Amino acid sequence: MLPPGYQLRSGSSLDRAMLVKFMQKTYQEFYPERDFSHLAQTVEQYLSKDTPLWWVEFLEEEDQEAASLTRSPAQAIASLWLGNAVDQVKGSRHTHIFLLYVAPEHRRKGIGTALMHHAEDWARARSDRQISLQVFLSNQPAVNLYHQLGYQTESLLMVKSIN
């Protein structure tokens, strides 16, 4: 459940540009000197009706009353994008988290946890037995969150530059 003042809404393929922007933000936090324009191709290739997208919107206090009456404009401050993966050991399809992003000024309020629970509910509804994600080891707050929610390291992505 999201904290008061926040609402969850479904995204669509019309949100491609905003999804690219959120993906770029998450990577630029750890690699500010890099160009992430290639992420547009990732979104183009993978965003579909089979890979759901949700936005968390923040309602300004004066908008909260109006939101209960009509849909007021809100600012997207977080995103959850899910997809499909295949467990290479078991051979079963499972949910994979492509993106979980919460704007820095809205962190540590329970939004990331609420989105992770939403992902788990979605996975259970389609009878998946596991969820996977990739996280940079340098993103210690995210690593801590995932551990607190019961996620365990199952494999390790190793990379060697061959330039």
Side-chain angles (χ1 to χ4, degrees), residues 1-2 6-57 76-104 106-108 110-163:
M1 172 166 265
L2 289 168
Y6 295 91
Q7 66 184 9
L8 186 68
R9 77 163 173 90
S10 294
S12 74
S13 60
L14 300 176
D15 294 323
R16 289 180 192 279
M18 191 159 66
L19 178 56
V20 170
K21 182 176 152 186
F22 272 59
M23 288 182 75
Q24 289 172 337
K25 284 181 182 185
T26 195
Y27 286 104
Q28 286 174 334
E29 281 187 38
F30 296 96
Y31 303 100
E33 70 287 348
R34 300 254 176 108
D35 173 27
F36 291 102
S37 57
H38 66 277
L39 294 173
Q41 183 178 2
T42 300
V43 170
E44 187 62 34
Q45 184 172 354
Y46 293 106
L47 182 61
S48 74
K49 64 177 177 47
D50 297 322
T51 61
L53 172 65
W54 291 275
W55 301 103
V56 174
E57 297 174 329
I77 55 87
S79 181
L80 173 66
W81 182 26
L82 301 179
N84 301 295
V86 174
D87 183 304
Q88 298 303 306
V89 174
K90 300 172 188 165
S92 59
R93 181 209 70 202
H94 65 272
T95 297
H96 181 78
I97 297 174
F98 285 141
L99 175 69
L100 174 71
Y101 177 78
V102 179
H106 294 273
R107 292 180 185 161
R108 305 202 53 81
I111 295 166
T113 299
L115 287 173
M116 292 299 290
H117 288 305
H118 186 76
E120 291 173 16
D121 291 344
W122 185 83
R124 267 190 220 95
R126 63 186 218 144
S127 300
D128 283 357
R129 300 183 136 216
Q130 70 182 29
I131 296 179
S132 65
L133 56 83
Q134 180 178 327
V135 60
F136 292 111
L137 290 176
S138 59
N139 188 349
Q140 199 58 53
V143 171
N144 292 343
L145 171 65
Y146 302 141
H147 279 204
Q148 289 170 4
L149 293 173
Y151 287 74
Q152 301 171 357
T153 303
E154 186 174 279
S155 64
L156 189 60
L157 173 66
M158 300 178 73
V159 177
K160 177 182 177 183
S161 180
I162 55 173
N163 292 342

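Note that the structure is a prediction, hence the values are computed from the model and not measured.
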Peer 1: What residues, two or more places apart in sequence or in another chain, satisfy side-chain hydrogen bond (donor to acceptor under 3.5 Å, both in side chains) together with D15?
Peer 2: W55
Peer 1: Hey, are S92 and D87 close enough side-chain-wise for a donor-acceptor pair under 3.5 Å?
Peer 2: no
Peer 1: For the pair W54 and H118, name the ring-plane relationship: parallel under 30°, tilted 30 to 60°, perpendicular over 60°.
Peer 2: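 If you compare the ring of W54 with that of H118, the planes turn out perpendicular.
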Peer 1: Mind checking what makes ring pair (Phe, Tyr, Trp, His ring centres under 6.0 Å) contact with H106, not counting sequence neighbours?
Peer 2: Y6, F58
Peer 1: Return the set of residues passing side-chain hydrogen bond (donor to acceptor under 3.5 Å, both in side chains) with N84 (not counting sequence neighbours), or none when no residue passes.
Peer 2: R126
Peer 1: Tell me if a side-chain donor or acceptor on R129 pairs with a main-chain N or O of H94 at a distance below 3.5 Å.
Peer 2: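 Side chain of R129 to backbone of H94: no pair is present.
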Peer 1: Distance from L82 atom CG to D128 atom CG, nearest 0.5 Å?
Peer 2: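 It comes to 10.0 Å.
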Peer 1: Can you name the closest pair of heavy atoms from T95 and A123 and give their distance?
Peer 2: OG1-CB, 3.3 Å
Peer 1: Flag the pair V20 / T42 as yes when at least one side-chain heavy-atom distance between them is below 4.5 Å, and no otherwise.
Peer 2: no
Peer 1: Are E120 and I131 packed together at the side-chain level, in the sense that at least one heavy-atom pair is separated by less than 4.5 angstrom?
Peer 2: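 Yes; the side chains approach each other to less than 4.5 Å.
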Peer 1: If you count every heavy atom of other residues, nucleotides or ligands that lies below 6.0 Å from I162 atom CD1, does the total exceed 12?
Peer 2: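 No - once you tally the heavy atoms of other residues, nucleotides and ligands closer than 6.0 Å, there are 12 at most.
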Peer 1: How many angstroms lie between CD1 in I97 and CD in Q134, if you round to the nearest 0.5 Å?
Peer 2: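 Nearest 0.5 Å value for the CD1-CD distance: 12.0 Å.
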Peer 1: I'd like to check the side-chain hydrogen bond (donor to acceptor under 3.5 Å, both in side chains) partners of H117; sequence neighbours left out, ordered by chain and number.
Peer 2: none
Peer 1: Please report the interatomic distance CG(L100) to OH(Y146), rounded to the nearest 0.5 Å.
Peer 2: 4.5 Å
Peer 1: Assess, by modelled atom type and distance only, whether the side chains of N144 and Q140 contain a donor and an acceptor separated by less than 3.5 Å.
Peer 2: yes
Peer 1: Can you find a heavy atom in the side chain of R16 that is under 4.5 Å from one in the side chain of L47?
Peer 2: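 Side chain of R16 against side chain of L47, heavy atoms only: contact under 4.5 Å found.
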Peer 1: On the 0 to 90° scale, with breaks at 30° and 60°, tag the H38-F36 ring pair as parallel, tilted or perpendicular.
Peer 2: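 It falls in the tilted class, 30° to 60°.
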Peer 1: Give, for atom CE of M23 and atom CG of L39, the distance between the pair rounded to the nearest 0.5 Å.
Peer 2: 4.5 Å
Peer 1: Drop me the distance from F98's CZ to L53's CG, to the nearest 0.5 angstrom.
Peer 2: 11.5 Å
Peer 1: Not counting sequence neighbours, which residues clear side-chain hydrogen bond (donor to acceptor under 3.5 Å, both in side chains) with R124? List them please.
Peer 2: D121
Peer 1: Any side-chain heavy-atom pair from L133 and M116 closer than 4.5 angstrom?
Peer 2: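 With C-beta onward as the side chain, the pair touches.
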Peer 1: Mind jotting down which residue pairs meet the side-chain hydrogen bond (donor to acceptor under 3.5 Å, both in side chains) criterion with at least one end in residues 23-36? Sequence neighbours excluded, please.
Peer 2: E29-R107, D35-S37
